[in-house]
Amino acid sequence: MKYNYTQITKTLEKLFEAGFNTDKKILALKLEDLTMIPNLQANETMIIIEFKKAIKDKKIIEFLSCYKEKGNDK
């Protein structure tokens, strides 16, 4: 899925404000933890899930730029 930079930024702000502000905390994040984040929309949940995957795969720039290298369709 592609999101615009504004959507990503607003979602990450919510995530960080809820205390999930380090790689370690985000990687330990469970779906149940998302209930701690007020006013979280369904598309924002997907952004957080994809951000967590980007951290794990060390592909944060690809996530933020919404760019995937050719042949890398994971």
Side-chain angles (χ1 to χ4, degrees):
M1 286 190 181
K2 287 197 174 188
Y3 305 101
N4 67 46
Y5 190 70
T6 302
Q7 289 173 310
I8 292 171
T9 303
K10 287 182 179 182
T11 302
L12 294 182
E13 284 177 8
K14 288 182 180 183
L15 183 66
F16 301 154
E17 288 173 3
F20 299 99
N21 51 13
T22 66
D23 289 351
K24 186 176 179 178
K25 289 178 182 178
I26 293 169
L27 289 173
L29 180 72
K30 297 178 183 169
L31 286 177
E32 298 84 30
D33 296 328
L34 296 178
T35 60
M36 296 172 52
I37 303 172
N39 303 320
L40 193 67
Q41 306 297 315
N43 65 327
E44 293 173 325
T45 300
M46 293 306 299
I47 290 171
I48 291 170
I49 291 168
E50 289 187 28
F51 183 59
K52 179 179 174 180
K53 185 177 180 339
I55 292 171
K56 181 181 175 193
D57 295 343
K58 297 183 172 115
K59 296 184 179 186
I60 296 172
I61 298 302
E62 287 180 23
F63 170 79
L64 293 174
S65 68
C66 299
Y67 174 79
K68 288 187 178 183
E69 290 186 29
K70 200 171 195 177
N72 187 11
D73 296 332
K74 287 185 182 181

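Numbering starts at 1 and runs along the sequence shown. Excluded from the calculations below are hydrogen atoms, water molecules and symmetry mates; all remaining heavy atoms, backbone and side chain alike, are included.
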- Message: Count I, L, V, M, F, W, Y as connected when their side-chain heavy atoms are under 4.5 Å apart, and connections chain through other members. Are Phe51 and Leu31 then in the same cluster?
- Response: yes
- Item | Sub-4.5 Å side-chain heavy-atom contact between Phe63 and Asp57 | no
About how many Å separate [atom2] of [Y] and [atom1] of [X], when rounded to the nearest 0.5 Å?
X: Leu15; Y: Ile8; atom1: CG; atom2: CD1; answer: 12.5 Å
X: Thr35; Y: Leu40; atom1: OG1; atom2: CG; answer: 9.5 Å
X: Ile60; Y: Lys58; atom1: CD1; atom2: NZ; answer: 10.0 Å
X: Ile55; Y: Leu29; atom1: CD1; atom2: CG; answer: 9.5 Å
X: Lys56; Y: Ile26; atom1: NZ; atom2: CD1; answer: 14.5 Å

Minimal non-hydrogen separation, [X] against [Y], with atom names:
X: Lys52; Y: Leu27; result: CE-O, 3.2 Å
X: Lys14; Y: Asn39; result: NZ-O, 2.8 Å
X: Asn21; Y: Phe16; result: CA-CD2, 4.0 Å
X: Glu50; Y: Tyr3; result: OE2-OH, 3.7 Å
X: Asp33; Y: Ala28; result: OD2-O, 4.0 Å

- Message: Are there over 12 heavy-atom neighbours, none belonging to Lys25, within less than 6.0 Å of that residue's NZ?
- Response: yes
